[in-house]
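To start, the structure under review is shown below, and the notes come after it.
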Number of protein chains: 2
Amino acid sequence: MTTKAATSSSVRLAAETWESLFRSQVAVMRRLQAGKAFKRLPIKEYDVLFTLSRCPTGKLRLNEINDHVLLSQSSLSRLVERLEKRGLLERSVAPDDGRGILLGLTDAGRELQKEIGREHVRDIAELVAPALTAEEQRELLRLTEKLQAFVAGK
Amino acid sequence: MTTKAATSSSVRLAAETWESLFRSQVAVMRRLQAGKAFKRLPIKEYDVLFTLSRCPTGKLRLNEINDHVLLSQSSLSRLVERLEKRGLLERSVAPDDGRGILLGLTDAGRELQKEIGREHVRDIAELVAPALTAEEQRELLRLTEKLQAFVAGK
DNA sequence: CATCGATACATGCAAATGCATCTATCTTGG
DNA sequence: CCAAGATAGATGCATTTGCATGTATCGATG
């Protein structure tokens, strides 16, 4: 049996861990989004282009992308609308599901993602690499992946 | 001297680490902000009350709070305005700096923070505690604190 | 295969956000 | 002590966001 005291301390530990994870994300994100590259395209919109660029098939459903970003379904719908208007991606109806929308980068979208991405990655490296040893980064990577995997499968 | 290959791999590691940290934060935050408690008060507004509740003096400057949240100065200014209108906090002029605004919780604000906080902490524990061992949580806590400390002092 | 609930995405509308700018106060150099 | 630049926070305004809801398609059930 778990004692009350042990439960309380495990709750506290979880809360402190999350708090620290969250604040570190805020601190890093604050710096990153101030990057010069994001004057060309807001970081949230960049993130959608990035997600598409990482996808092997090059196409993703709207709802798949929605799982990766912190936006409501309707906000993402309009964000994508803006990207399409700028000619950075194209919509098409999903072949196997008439309700679904497939998104794919245009050449211009792929190009812009790469340009911003290069600078963005440099900024990330400047913030993260000197803060933690390679070993620590690998451990942080492992732990956050494990956390994410658990939360996703719930 | 650092070789090109070593530099490239360290850059990649930093980028992957950040990406994973960020996505795990998105996944957890998505669940947390869906919590029933945040129908009473949006999570960003709760966060300001929480930050004030943790402060030993009970009072914080607007710009101090701004460092902890991912909001522009003007957005925070108006968020605080909403909280004041709801009677959850009070503004006062900073005694040592006529430009500064000191924020402090009202009794109602303290009470609401505690009520939401209790539920919020439970939700956090349900997501984080089963995902990682206590040892892993302590390590994640340590690493994110270290990252945050480095980024803050830059 | 007709119906009914569920799912995917779009849209009207009110609220929140950020940028640029404004005012007031502080700080510094002469 | 004064002027000039810096800093804290407020505000006008255009953009973005989310909630509620709408439309279309899908899937299961009788």
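Bear in mind that the values here come from a model prediction, so they are computed numbers and not experimental data. Throughout, protein chains are lettered first and strands after them, A, B, ... in sequence-line order, and every chain is numbered starting at 1.
Scored by the salt bridge (charged side-chain N to carboxylate O under 4.0 Å, His left out) test, R82(A) finds E45(A) as partners (sequence neighbours excluded).
For the pair D96(B) CG and dC26(C) C1', the computed distance is 11 Å after rounding to whole Å. Atom CD1 of I43(B) is separated from atom C1' of dT17(D) by 16 Å (rounded to the nearest Å). To the nearest angstrom, C1' of dC19(D) lies 14 Å from CG of N66(A).
Between R30(A) and D67(B) there is no salt bridge, since none of the side-chain N atoms of the basic residue sits less than 4.0 Å from a carboxylate O of the acidic one.
Taking hydrophobic clusters as Ile, Leu, Val, Met, Phe, Trp and Tyr residues chained together by side-chain heavy-atom distances below 4.5 Å, V80(A) shares a cluster with I43(A).
Side-chain contact between E136(B) and E139(B) is absent, with no heavy-atom pair separated by less than 4.5 Å.
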Summary of protein contacts for nucleotides 9-17 of chain C, nucleotide by nucleotide, where a base hit scores B, a sugar-phosphate-only hit scores S (4.0 Å, heavy atoms): BBBBB--SS
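Between the side chains of S74(B) and S77(B), no donor-acceptor pair is found at a separation under 3.5 Å.
Across every non-hydrogen atom of A108(B) and G87(B), the tightest pair is CB-O, 3.9 Å.
Annotation: of the two residues near DNA chain C, D97(A) and Q33(A), the 5′-most nearest-nucleotide partner is D97(A).
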